[in-house]
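Quick note: numbers below take in every heavy atom, side chains included, and nothing from hydrogens, waters or symmetry partners. Order of the sequence lines fixes the chain letters, A, B, ..., with proteins taken first and strands second; residue numbering starts at 1 for each chain.
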Protein chains: 2
Amino acid sequence: MADSSTKDLIVREARICFANQGFDGTSLNDIAAGVGIRRPSLLHYFPSKDAIYQHILELALEEWGRQIDERPTSGDGDCWAQVDSILEVSFEFFRTNPEIVRIVRREALTEKGHLDFDLGTALRPYFLRAVRFFEREMEAGRFRRHDAENLVLTGYGALLTYFSDHRMLTGLLDEDPFSSRALEARFAHVRDFVRSALEPLVTE
Amino acid sequence: MADSSTKDLIVREARICFANQGFDGTSLNDIAAGVGIRRPSLLHYFPSKDAIYQHILELALEEWGRQIDERPTSGDGDCWAQVDSILEVSFEFFRTNPEIVRIVRREALTEKGHLDFDLGTALRPYFLRAVRFFEREMEAGRFRRHDAENLVLTGYGALLTYFSDHRMLTGLLDEDPFSSRALEARFAHVRDFVRSALEPLVTE
DNA sequence: GTCTATACGCAGATAGAC
DNA sequence: GTCTATCTGCGTATAGAC
């Protein structure tokens, strides 16, 4: 936020446009107008529209990965603290990066990307890590048995959808889904719901 | 499927294009080429591209609503049969209408639609009905306590994401996420996961 | 009902002045 | 580093022949 170089302003404005209108729905004019410069000036910083988009996507995944990797409690705390930590970091990242959420979701939807880039391949290491964690804990009897891969996908969908489908939720609910009260209720629900499903029925 | 009038062919092809490439990413040429006619011939059946899109959206929601309303076991069966029925109808509708899933999801993502149409408003009656059902059952002690609105949203996200983000899942998993084995596992997981979270800890 | 021809605007990208 | 001017192609939509 501190650095307000033109290039950064372009990236920030483009991120908003791509999130709101998608790649095809965004014109270089839209971005330039938001920054306050003319269209050809954009291409002084990036060789093409594709390049802007790719850059934003790479920044986004880099940031996402960093937040996950730098997760505080990745030590050997108890398994529930781990789950809460995973949920909290993801929730917090989605909340503070709503544009990235929508861009990633659009990318997941599009049958064939404009680039060589593949979202599934990029996220696979994180997915597999989460799957292995749940399998280990379920094997040890600390979590109730579920299909680990589907469990992670369910969590992903439950978290991401709340932020990506914001516009629809606004029509569905009486309250702004991004109000602090609604967000707290959402996080509490997801945490408790997951806990309800994973908690063993008999505690040793 | 039986009626193969040109208009139906247009609708079917447009649905595929809009799902794969979005509204802005789809040109009338794309649709016309898929049907096997020229671009101006499309506009003999629809006054504009917007009209085609709006028509598809209306068809989709009409169909979705009908499938939900015609749900077989909406009688007074036990509450678990009700939950299974809701999940099964939704799952089956998403599975057999993958294009609609992606079109609806794109609509939910887009900050402002091209039309006066609002997805949240359209789905709100169904949402409220589901919320009231869960609240009633939780009040009666047949389900464990959860935030009913968030519960429905979680189910929605868990079901829809699996079908909308198919491309990403293909890169994430080793298996085709739409193979019959994977689909069965997915449905079983969602059903069991929801049941685990809702089942009261002490059975009267 | 489908076509060719065309109008018209906006897209992305480049050249070159300042 | 930003601009004006321009090139080129594709977009939606319309007019009118067959």
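Of the residues in residues 21-33 of chain A, those lying under 4.0 Å from DNA chain C by heavy-atom distance are A:Thr26, A:Ser27, A:Leu28, A:Asn29. Taking a 4.0 Å limit (strictly below) on heavy-atom distances, residues 36-51 of chain B reaches DNA chain C at B:Ile37, B:Arg38, B:Pro40, B:Ser41, B:His44, B:Tyr45.
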Which donor-acceptor pairs under 3.5 Å do side chains of residues 133-141 of chain A form with protein atoms, sequence neighbours excluded?
residue: A:Glu137; atom: OE1; partner: A:Arg142; partner atom: NE; Å: 2.5
residue: A:Glu137; atom: OE1; partner: A:Arg142; partner atom: NH2; Å: 3.2
residue: A:Glu139; atom: OE1; partner: A:Arg145; partner atom: NH2; Å: 2.8

Name each donor-acceptor pair under 3.5 Å that joins a side chain in residues 155-162 of chain B to protein atoms two or more places apart or in another chain, with its distance.
residue: B:Thr161; atom: OG1; partner: A:Arg105; partner atom: NH2; Å: 2.9
residue: B:Thr161; atom: OG1; partner: A:Thr161; partner atom: OG1; Å: 3.2
residue: B:Thr161; atom: OG1; partner: B:Arg105; partner atom: NH1; Å: 3.2
residue: B:Thr161; atom: OG1; partner: B:Gly157; partner atom: O; Å: 2.7
residue: B:Tyr162; atom: OH; partner: B:Pro177; partner atom: O; Å: 2.7

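You'll find the side chain of A:Glu149 reaches within 4.5 Å of the side chain of B:Leu173, heavy atoms only. Contact annotation: the side chain of A:Phe117 never approaches that of A:Tyr53 to less than 4.5 Å [non-hydrogen atoms, C-beta and beyond].
Between A:Arg124 and B:Asp174, at least one side-chain nitrogen of the basic residue sits less than 4.0 Å from a carboxylate oxygen of the acidic one, meeting the salt-bridge criterion.
B:Thr6 has no side-chain polar atom (N or O) that falls below the 4.0 Å cut-off from OP1 or OP2 of C:dG1.
In this view, A:Tyr126 satisfies the side-chain hydrogen bond (donor to acceptor under 3.5 Å, both in side chains) rule with no residue, not counting sequence neighbours.
A cation-pi arrangement is absent between A:Lys49 and A:Phe18, since the terminal nitrogen or guanidinium carbon is not both under 6.0 Å from the aromatic centre and inside a 45° cone about the axis.
Relative orientation of the A:Phe163 and A:Phe178 rings is tilted, given thresholds of 30° and 60° on the angle between their planes. Classification of the A:Phe46-A:His55 ring pair by plane angle, with boundaries at 30° and 60°, yields tilted. Ring geometry, A:Trp64 versus A:Phe94: the interplanar angle exceeds 60°, so the pair is classed perpendicular (tilted spans 30 to 60°).
Between its opening and closing five pairs, the helix from C:dG1-D:dC18 to C:dC18-D:dG1 changes axis direction by 0°, a value rounded to 10 degrees.
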